Protein chains: 2
Amino acid sequence: MGRWEPNARGRLEQAALELYIERGFEQTTVAEIAKRAGLTERTFFRHFADKREVLFSNSLQELLVTSVAGATDSVAPIDAVVAAFEGAGALLQERREYSLQRQAVIAANPGLQERELIKLASIASALADTLRRRGLTDPAASLTAEAGIAVFKIAFERWISETNQRDFPRLIRESLDELKAVTAGK
Amino acid sequence: MGRWEPNARGRLEQAALELYIERGFEQTTVAEIAKRAGLTERTFFRHFADKREVLFSNSLQELLVTSVAGATDSVAPIDAVVAAFEGAGALLQERREYSLQRQAVIAANPGLQERELIKLASIASALADTLRRRGLTDPAASLTAEAGIAVFKIAFERWISETNQRDFPRLIRESLDELKAVTAGK
DNA sequence: CGACTGTATGTCAGTCACTGTCATCAAACG
DNA sequence: CGTTTGATGACAGTGACTGACATACAGTCG
């Protein structure tokens, strides 16, 4: 076995998730993660900025931005954003078991929740940029993006917590309808 | 000068903000903050859970919850929530200089932004609880709270960034109107 | 006034996340 | 086969944060 086993990053991600599940996030040291992946602590920090980042990636954001950027012009911005989340939700649904495990780890640690929130904020910022590029002005662009995040957050909570798993994209759509009802004031 | 100078916590908060402004958050050590406050590093951690927490308090959350809990029943939930934020905004407006300094420090550091986001999430959770206690059911309660946070976030950004300072509560109200417009789909 | 108690602070040792630096090894290339 | 490039290892160091114990101040009671 050479020094160059393939997919070091992936091995670190898997080892980290396993250990976070087994003993908890705080009780796991980076040295332990690296050892299980057959690497050293220093190498871990070459692949991930910190101990938390190993649970997060930017694939969701890229997916959402691409989706909104490619939406038909006639679709209302809020519907384009939520439709993008529905697409992402369908993908998450295909890996529900992984999503459940990962979310259980995050729910058990405030530091990980912070990281998740800033990732969502980054997505909101990227979506607002995309909407502006499509001609929407501020503050509408920012608010539409934030509204989309809120809808997704609520729907995700429901999807994760419900035992009889309902269709995630459907939950997202229902969440949007509820937001429209709630804000439909005079 | 005895060991018992008054208001240790307040001295730590002020020393921390000063140093974060002077040399930046990361370049400031907790030992330096404690020294400027006439205390030790260990005492800092008895007053604040970590180096970031010294910039945050829960007074805003308590204020908002009290306001929403005391709102008239006939007022729509989203309006009660936003009215609460308008009240909080008026208070922040009275300390605009402090708000600007504090926000400049936070904007310069991702870790502080994370902490700010989880504080806002905590507020959203508390407001949702309050709305539920007033008879609103989920997911409406959670969505209303999240919508209020979104409105506040956008309005706050504008209030901070604009040189000719417009009335903050007014910005909040306008932000809500914009959200209503944006979500007023079919 | 003096002992007693509770709480805030000081002291010290220790763990661990994270970083800078340099050495080393594998693969690709000419 | 030598060179180069990039990923990894080895190691020392800083600083955030914690646990355990000692100490000093403030209030109370006799």
Side-chain angles (χ1 to χ4, degrees), chain A residues 1-57 105-106 108-116 118-119, chain B residues 1-57 105-106 108-116 118-119:
Chain A
M1 146 177 133
R3 194 178 183 179
W4 242 242
E5 292 297 312
N7 196 21
R9 188 186 179 89
R11 271 152 49 215
L12 286 167
E13 286 173 354
Q14 173 153 6
L17 181 58
E18 288 173 7
L19 285 166
Y20 292 169
I21 291 172
E22 290 173 18
R23 8 184 142 164
F25 175 80
E26 287 182 348
Q27 288 67 42
T28 302
T29 70
V30 175
E32 289 168 343
I33 299 170
K35 185 175 183 182
R36 180 170 293 202
L39 296 165
T40 64
E41 186 180 1
R42 191 67 185 86
T43 297
F44 177 96
F45 287 110
R46 289 200 179 93
H47 285 277
F48 305 99
D50 58 52
K51 190 184 167 187
R52 288 174 275 164
E53 193 67 16
V54 69
L55 283 179
F56 300 85
S57 80
V105 172
I106 292 174
N109 183 272
L112 291 171
Q113 294 166 37
E114 289 186 341
R115 181 57 48 86
E116 173 138 289
I118 206 171
K119 293 289 181 182
Chain B
M1 151 176 128
R3 196 180 182 177
W4 243 243
E5 291 296 314
N7 195 21
R9 188 185 180 90
R11 271 151 49 214
L12 286 167
E13 287 173 353
Q14 173 154 8
L17 180 58
E18 288 173 9
L19 285 166
Y20 293 169
I21 292 172
E22 289 174 18
R23 13 184 139 164
F25 176 79
E26 287 182 349
Q27 287 68 42
T28 302
T29 70
V30 174
E32 288 169 344
I33 298 169
K35 185 174 182 182
R36 179 170 295 202
L39 296 165
T40 66
E41 186 180 1
R42 192 68 184 83
T43 297
F44 177 96
F45 287 109
R46 288 202 180 91
H47 285 277
F48 304 99
D50 58 50
K51 190 184 166 187
R52 288 174 274 165
E53 193 67 15
V54 68
L55 283 179
F56 300 85
S57 81
V105 172
I106 293 174
N109 184 270
L112 292 172
Q113 294 165 38
E114 289 186 339
R115 181 57 49 85
E116 173 137 288
I118 207 171
K119 292 291 181 181

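We name chains A, B, ... by the order of the sequence lines, and we start the count at 1 in each one. All figures in this text were calculated on a predicted structure; none of them were measured in a lab.
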**Prompt:** Once you round to the nearest 0.5 Å, how far does CD1 of B/Ile33 lie from CZ of B/Arg11?
**Reply:** 13.5 Å
**Request:** Please tell me which of the listed nucleotides, C/dC18, C/dG10, D/dG15, lies nearest to the side chain of B/Leu39?
**Result:** C/dG10
**Prompt:** Taking NZ, NE, NH1 and NH2 as the nitrogens, is one of them in A/Lys119 or A/Glu53 under 4.0 Å from a carboxylate oxygen of the other?
**Reply:** yes
**Request:** Side chain of B/Arg42 only, please: which of D/dA16, C/dA17, D/dA20 is the nearest?
**Result:** D/dA20
**Request:** Check the distance between D/dG15's C1' and B/Arg23's CZ and give it to me in whole angstrom.
**Result:** 14 Å
**Message:** Rounding to an integer number of Å, can you tell me how far A/Leu112 CG sits from C/dA17 P?
**Reply:** 13 Å
**Message:** Please determine whether a side-chain nitrogen or oxygen atom of A/His47 lies at a distance below 4.0 Å from atom OP1 or OP2 of D/dA7.
**Reply:** no
**Request:** Report the nucleotide, chosen from D/dG15, D/dT8, C/dC18, that has the shortest atom-to-atom distance to any side-chain atom of B/Thr29.
**Result:** D/dG15
**Asked** Can you tell which of C/dA17, D/dT18, C/dT11 lies closest to the side chain of B/Thr40?
**Response** C/dT11
**Complete:** note: A/Phe48, atom CZ; C/dA17, atom C1'; distance rounded to Å ~ 16 Å
**Asked** Would B/Glu32 and B/Arg36 count as a salt bridge (charged side-chain N to carboxylate O under 4.0 Å, His left out) if you check the C-alpha gap in whole Å, the side-chain angles of each, and the deciding distance to 0.1 Å?
**Response** CA-CA 6 Å; B/Glu32 288 169 344; B/Arg36 179 170 295 202; over 6 Å; no
**Point-to-point distance, once rounded to the nearest 0.5 Å, from CD of B/Glu114 to CD1 of B/Ile106** = 12.5 Å
**More than 12 heavy atoms from other groups under 6.0 Å of CD on B/Gln14** = no
**Request:** Write down the distance between NZ (B/Lys51) and P (C/dC16), rounded to a whole number of angstrom.
**Result:** 21 Å
**Request:** Figure out the CZ/P separation between B/Phe45 and C/dG14, and round it to whole Å.
**Result:** 19 Å
**Message:** From NZ of B/Lys35 over to P of D/dG15, roughly how many Å is that when rounded to an integer?
**Reply:** 14 Å
**Request:** Under 4.0 Å between any heavy atoms, over every strand shown, what does A/Ala31 touch: base, sugar-phosphate, or nothing? Just pick one.
**Result:** nothing
**Item:** Gap between atoms CG and C1', on A/Asn7 and D/dA7 respectively (whole Å)
**Value:** 14 Å
**Prompt:** Which nucleotide, C/dC22, C/dA17, C/dT9, lies nearest any side-chain atom of B/Thr43?
**Reply:** C/dT9
**Asked** Within this structure, what is the CG-to-P distance between A/Leu12 and D/dA7, rounded to whole angstrom?
**Response** 14 Å
**Request:** Name the residue closer to the 5' end of DNA chain C, choosing between A/Arg46 and A/Glu41 according to the nucleotide with the nearest heavy atom.
**Result:** A/Glu41
